Every structure is written in structure tokens, then in C-alpha cells.
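All values below were derived from every heavy atom in this structure, side-chain atoms included, with hydrogens, water molecules and symmetry-related copies excluded. Keep in mind it's a predicted model, so treat the numbers as computed, not measured.
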Amino acid sequence: MRTRKLGWRWRRSPLRRRSDVVEAWAVLLVGTVLILGVPAAGFVAGAVVRSDARAEAGAEQRARHQVRATLTADAPRAVPSVDGSLAPHQVPARWTALDGTEHTGAADAPAGSRRGNVIRIWVDENGDATDEPLGEDDVTARVVCAGAAAAAGMAALALLVLQAVRGALDRRRIAAWDRAWQRTGPGWTSRRA
């Protein structure tokens, strides 16, 4: 039965190589990065994105307004999607902007809407139809995605660095073993170098 001693790379031993100590320090450093750095990266990225997304949401909410629009054509009939929801359709419509100017363009209307129906749409400061401004749910989604991506990226980078260090150390160990065998091997075999 095989047993492993915890921290064997840190103990003094005639069998311990310098590469074992370097590998132990690399594992300790990567472990610290995974425990402390990954959450910190996620938190910092989330905080930065939260600040930016809230500023963007505030600007959009100040610049966009809802107005009533009258459809100038019929919307296509309802065609359920895979999840059973009914997607809105782009339908020609007419509306009056906050400054009193008349506008026409495509607006999202429920499936099956008829010409002459009145719907509410979002318009920007120029009176052009636009998307609904960002809400708190949109800000939260951006924060979560940014934090998760930063944390995952930091973890992946740390593990890749550890793998690269271990690969380099393994190549050095194999080269050292090869040199040692070149010196020792001829005395153990009938083959001469």
C-alpha cells in the first residue's frame, strides 16, 4: 500500500531536487491565486461593469420615453416559437415624438395586431423608435457575466501557468535523468557509449 506524506517537497531529503522545491512554490502560489485572486478578479470586474452599466442605464432612462404609436399595417398571425412564447413582429407604425414631430417607422407589435391598433413604443431624444432602456435586471446580468468571466479567466490563466511550469520542470528532470544515465548506464550494461 502506498502512502504519501503531506508537504514532502518542503522537507529536507537527499532525494529532494531543486525542481521539487520550485514546483512546490508554484503550487502554493497558484493555490493562493485560486483562493484569493479569483474571487477578487470577479469582484473587481463586477464592480467596474456595475458602475458603467448603471451609468448607461441612467443615461438611457433619461433619454428614452414611451409614446403611443398607431399601426399602419396588420401584424402577421401568431406563430409560436419553440418555447411556446409569441415573438413580437416589426410592423409599420406612426407616432408623435415629445417635441410634436410626426414619425413613421417599424415598431414591435404583438402578433395578430390590426391596422389602427395603438401600442406603446420607446423613442429616443430624436423621436426614433428604439429599444427599452436598460433596467436593473439587465445591469445585474451584465455584472454577473463580467464577474464570472473574469474569475474563470483568472483561474484558467493560473492553472495554465502552473501546467507550463510543471511541463518545463518535467523536461528538466528528464534531461537530468538522461545525463545521469549516460554516466551510470555503461557500468550497468554491456553497451559502451
Review point. Under 3.5 Å, side chain of W95 to main-chain N/O of A129, donor-acceptor pair present?
Key: no
**Study point:** Chi angles and distances behind the salt bridge (charged side-chain N to carboxylate O under 4.0 Å, His left out) call for R64, E132
**Key:** CA-CA 8 Å; R64 297 178 182 183; E132 181 178 354; over 6 Å; no
Practice item. Output yes when a side-chain donor or acceptor of T140 lies under 3.5 Å from a complementary backbone atom of E136, and no otherwise. Key: yes
Exercise for review: Kindly say whether R94 contributes a backbone atom to a donor-acceptor pair with the side chain of T104 at under 3.5 angstrom?
Suggested key: no
Point to revise | Worked verdict on L134 versus E56 for side-chain contact (heavy atoms from CB on, under 4.5 Å) | key: CA-CA 8 Å; L134 290 176; E56 184 180 345; 3.8 Å; yes
**Study point:** Residues clustered with V144, ILVMFWY side-chain links under 4.5 angstrom
**Key:** none
Point to revise | Derivation of the side-chain contact (heavy atoms from CB on, under 4.5 Å) call for R142 and D138 | key: CA-CA 6 Å; R142 285 185 180 188; D138 300 316; 5.6 Å; no
Review point. Is it true that V143 and V48 fall in one hydrophobic cluster, defined by side-chain heavy atoms closer than 4.5 Å?
Key: no
Exercise for review: Check whether any side-chain heavy atom of T96 lies under 4.5 Å from a side-chain heavy atom of V67, and answer yes or no.
Suggested key: no
Exercise for review: Would you kindly confirm whether V22 and V27 end up in one hydrophobic cluster when ILVMFWY residues are joined by side chain heavy atoms under 4.5 Å apart?
Suggested key: no
Exercise for review: Let me know which of R166, R18, R172 forms a salt bridge (Lys or Arg N to Asp or Glu O under 4.0 Å) with E23.
Suggested key: R166
Check your understanding: Is there side-chain contact between V123 and D128, with at least one heavy-atom pair below 4.5 Å?
Key -> no
Check your understanding: Given side chains that start at C-beta, do those of V33 and L157 come closer than 4.5 Å, heavy atoms only?
Key -> no
Check your understanding: Any sub-3.5 Å donor-acceptor pair from D52's side-chain atoms to V49's backbone N or O?
Key -> no
Exercise for review: List the steps, then state whether side-chain hydrogen bond (donor to acceptor under 3.5 Å, both in side chains) holds for R173 with S19.
Suggested key: CA-CA 8 Å; R173 289 174 187 141; S19 62; 2.9 Å; yes
Review point. Does T184 reach the main-chain N or O of A180 with its side chain, forming a donor-acceptor pair under 3.5 Å?
Key: yes
Review point. Does atom CZ of R50 have more than 12 heavy-atom neighbours, drawn from other residues, nucleotides or ligands, at distances under 6.0 Å?
Key: no
**Study point:** Partners meeting side chain to side chain contact (heavy atoms under 4.5 Å, CB included) with E125 (sequence neighbours left out)
**Key:** A63
Kindly list each side-chain donor-acceptor pair under 3.5 angstrom involving residues 107-116, sequence neighbours excluded, with atom names and distances?
from: D108; atom 1: OD1; to: Q90; atom 2: NE2; distance (Å): 2.4
from: S113; atom 1: OG; to: P110; atom 2: O; distance (Å): 2.7
from: R114; atom 1: NH1; to: D74; atom 2: OD2; distance (Å): 3.2

Check your understanding: Is L29 reachable from L160 through a run of I, L, V, M, F, W or Y residues, each pair having side-chain heavy atoms under 4.5 Å apart?
Key -> no
Check your understanding: If you measure from OG1 on T70 to CG on N117, what distance do you get to the nearest 0.5 Å?
Key -> 9.0 Å
Review point. Under 6.0 Å from the CG atom of D99, do we count more than 12 heavy atoms belonging to anything else shown?
Key: yes
**Study point:** Shared hydrophobic cluster for I121 and L98 (ILVMFWY, side-chain gaps under 4.5 Å)
**Key:** yes
